[in-house]
> 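This is the structure I want to talk about, given as structure tokens.
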Amino acid sequence: MTGEETPRSWLRTRSADVINDSPIPAEPKAELLEDVEAGEYAIAVEFLCSQLYEHDHKVTRRYFDALASLYEDLSVGGHHLALVEQNCLLPDHTSAD
């Protein structure tokens, strides 16, 4: 967060970034961004997780980590993030050095 941002604007920006970077289609993405603009960040992130696992969208570890960080910062309850991790996370193909 920069010195000019308020916690609320920072969460709005992060929420919008995670939604925009998601692999879900444009129409549900637009609906989620409307929720964000209305200040409903947690609802938008919870619904994003539902969209990801219900429609079997795959995500990278980097994307999942950004989503998980936002999910935690928003104190979203429930099991949606765990379902994304179990069902949507692409295998890590990097080698351990």
> Go through the structure and list residues passing side chain to side chain donor-acceptor pair (under 3.5 Å) with Gln51, not counting sequence neighbours.
none
> Test side-chain contact (heavy atoms from CB on, under 4.5 Å) on Tyr41 and Arg8 and set out the steps.
CA-CA 10 Å; Tyr41 314 126; Arg8 195 159 183 78; 3.4 Å; yes
> Hey, is the main chain of Gly77 close enough, under 3.5 Å, to the side chain of Tyr71 for a donor-acceptor pair?
yes
> Going by the rule side chain to side chain contact (heavy atoms under 4.5 Å, CB included), which residues pair with Ala68 if we only count those two or more places apart in sequence or in a different chain?
Phe64, Leu81
> Do any pairs count as a salt bridge (charged side-chain N to carboxylate O under 4.0 Å, His left out) and have a residue in residues 43-52, sequence neighbours left out, and if so which ones?
none
> Apply side-chain contact (heavy atoms from CB on, under 4.5 Å) to residues Cys49 and Leu83 and explain how you reach the verdict.
CA-CA 8 Å; Cys49 289; Leu83 290 170; over 6 Å; no
> Could I get the full list of side chain to side chain donor-acceptor pair (under 3.5 Å) partners for Asp17, not counting sequence neighbours?
none
> Considering only distance and modelled atom types, tabulate donor-acceptor pairs under 3.5 Å from the side chains of residues 55-62, sequence neighbours left out.
unit_1, atom_1, unit_2, atom_2, d
Asp56, OD1, Lys58, NZ, 3.0
Lys58, NZ, Asn87, O, 2.8
Thr60, OG1, Tyr63, N, 3.0
Arg61, NH1, Asp65, OD1, 3.3

> More than 12 foreign heavy atoms under 6.0 Å from CD of Gln86: is that the case here?
yes
> Could you walk me through whether Leu70 and Leu11 pass side-chain contact (heavy atoms from CB on, under 4.5 Å), step by step?
CA-CA 8 Å; Leu70 179 60; Leu11 285 172; 4.3 Å; yes
> Only distances under 3.5 Å count here; give the side-chain donor-acceptor pairs of residues 19-29 to other protein atoms, sequence neighbours excluded, each with its distance to 0.1 Å.
unit_1, atom_1, unit_2, atom_2, d
Asn20, ND2, Ala16, O, 3.1
Ser22, OG, Ile19, O, 2.7
Lys29, NZ, Asn20, O, 3.1
Lys29, NZ, Ser22, O, 3.0

> Once rounded to the nearest 0.5 Å, what's the spacing between atom OG of Ser15 and atom CD of Glu40?
11.0 Å
> Under the rule for salt bridge (Lys or Arg N to Asp or Glu O under 4.0 Å), what residues qualify as partners of Arg14, not counting sequence neighbours?
Asp73
> Rounded to the nearest 0.5 Å, what separates atom CD1 in Ile43 from atom CG in Leu32?
11.0 Å
> How far does CG of Leu89 sit from CG of Leu52, to the nearest 0.5 angstrom?
11.0 Å
